[in-house]
Amino acid sequence: MAPPELTSIASRFAGGESLDTISPLGSGLINDTYAVTTRRHRRFVLQRINPQVFPAPLRVIANQQALDRHLATKPAAAVKLRTPRLLNADEGRPYVIDSAGDVWRAMQMIEPSRTLAALTSLDQARQVGFALGHFHCLLADMAPDGLHDTLPGFHVTPAYFAEYQVLLAQPPIVADDGDYHACRDFIERHAGLIDSLEAPRQRGELSVRVMHGDPKLNNILFDALGLKAVSLIDLDTVKPGLLHYDIGDCLRSCCHRRDRHRFDLAICQSVLTAYCAETGDSLSPGEREYFYAAIWLIPFELGLRFFSDYLAGDRYFKSTAPRQNLLRARAQFALCEDIARQRSDIERLIAQLPG
């Protein structure tokens with residue numbers, strides 16, 4: 001049985017319907033998410049916005065409202081993905097504040113749909129590339145300065161590195177073991193690459209646009225058969241940024257063969273080919289030259305963040321074991337090593353992309 005306050009909050013989004021069930025939904029590391037079903041079999045998503053991650057949660061809500069309004073201006077035939085729209089609570093606002101001051105929101109449930117734990121075919125990979133490319137196309141005419149920066153510094157690798165250096169200078173609270181030193185050594189060896197996207201952005205070689213911010217595989221919903229992408233969800237991180245961050249994060253998620261931490265080149269090619277077929281020439285040839293930098297940098301950045309969170313006592317990413325964030329970091333750094341090993345092949349396929 002759900003706690004009384006959770007039931008009360010869910011009821012305020014139910015439009016006067018009685019509730020049937022409230023159950024945890026998904027495996028996200030940030031927000032608390034639930035599937036709510038009413039007695040009339042209507043289902044919606046209920047989510048507490050984590051204030052430790054999003055210190056201004058009402059700005060997250062405002063961004064999603066702006067996104068809803070923008071997408072509503074598009075001809076129905078031009079929108080080939082469904083996005084979860086915000087629901088209003090009983091007093092007409094798209095959020096509820098609980099007794100602890102936390103902000104809750106509710107969104108439409110995209111059904112029928114399913115997530116994929118891993119891609120099992122190149123057709124699925126092409127659907128991922130289409131979904132990300134179509135999302136970027138839908139937002140191409142949305143002014144990035146009309147959105148709040150809900151996560152200042154998000155995907156700014158030099159800023160994460162500076163935070164890491166501060167943590168490293170503090171008295172250690174973790175074991176001084178082999179995994180710890182392996183992560184430290186990897187970061188030190190590659191510190192010269194941390195500005196490989198921010199430097200060209202500052203030089204004006206990469207343009208700031210509206211990005212999704214977290215287009216990993218389990219944020220792309222497929223149809224019930226797992227054949228066609230139908231939605232891109234988890235819109236908390238939609239904000240001004242570089243599309244390269246989205247491209248790198250999507251490929252990190254889709255191409256990581258976790259059994260041996262290998263980067264799957266065939267999936268990479270399928271995702272990028274479909275992405276570029278959808279976006280055409282919206283990214284200049286000069287901007288495409290930084291695709292490889294994004295592919296390598298994003299897993300490095302995530303590994304740096306996992307390791308920093310481990311050093312800080314696991315404050316950001318949810319973990320179920322004391323060394324989980326340390327091992328997550330090691331996995332991302334192993335992926336970086338395999339990407340670097342295949343650099344010439346990756347750059348060759350990038351040069352051959354359509355558009």
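In what follows, every heavy atom counts, from backbone to side chain, and hydrogens, waters and symmetry copies are set aside.
- The aromatic rings of Phe306 and Phe317 sit tilted, their planes meeting at an angle between 30° and 60°.
- The aromatic rings of His212 and Phe135 stand perpendicular to each other, their planes meeting at an angle above 60°, with 30° marking the opposite boundary.
- Hydrophobic clustering, defined by side-chain heavy atoms of Ile, Leu, Val, Met, Phe, Trp and Tyr closer than 4.5 Å, groups Trp104 together with Leu6, Ile9, Phe13, Leu19, Ile22, Tyr34, Val36, Phe44, Leu46, Leu87, Val96.
- Ion pairing between Asp223 and Lys228 fails under the 4.0 Å rule for side-chain N and carboxylate O.
- Taking 4.5 Å as the limit, every side-chain heavy atom of Leu81 sits out of range of all side-chain heavy atoms of Ser231.
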Solution key, residues 294-301 side-chain donor-acceptor pairs under 3.5 Å, sequence neighbours excluded:
| residue | atom | partner | partner atom | Å |
| --- | --- | --- | --- | --- |
| Trp296 | NE1 | Cys336 | O | 3.3 |
| Glu301 | OE1 | Thr157 | OG1 | 2.8 |
| Glu301 | OE2 | His155 | ND1 | 2.5 |

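- Using modelled atom types, one finds a donor on one side chain and an acceptor on the other under 3.5 Å when comparing Glu5 with Ser99.
- For Asn63 (side chain) and Val238 (main-chain N/O), a donor-acceptor pair under 3.5 Å exists by modelled atom type.
- Not counting sequence neighbours, the partners of His261 by the ring-ring contact (aromatic ring centres under 6.0 Å, His included) test are His256.
- For Asp281, there are no side chain to side chain contact (heavy atoms under 4.5 Å, CB included) partners, not counting sequence neighbours.
- For the residue pair Leu119 and Cys254, the shortest heavy atom distance occurs at CD1-CB, 3.7 Å.
- Residues Leu251 and Leu353 fall within the same hydrophobic cluster, defined by Ile, Leu, Val, Met, Phe, Trp and Tyr side chains chained together at heavy-atom separations under 4.5 Å.
- Salt-bridge formation is detected for the pair Asp141/Lys74: a Lys NZ or Arg NE/NH1/NH2 atom is positioned less than 4.0 Å from an Asp or Glu carboxylate oxygen.
- By the ring-ring contact (aromatic ring centres under 6.0 Å, His included) test, Phe130 is found to be paired with His134, residues two or more places apart in sequence or in another chain being considered.
- Scored by the ring-ring contact (aromatic ring centres under 6.0 Å, His included) test, Tyr160 finds no partners at all (sequence neighbours excluded).
- When atom types are taken as modelled, the side chain of Asn219 and the backbone of Asp214 share a donor-acceptor pair closer than 3.5 angstrom.
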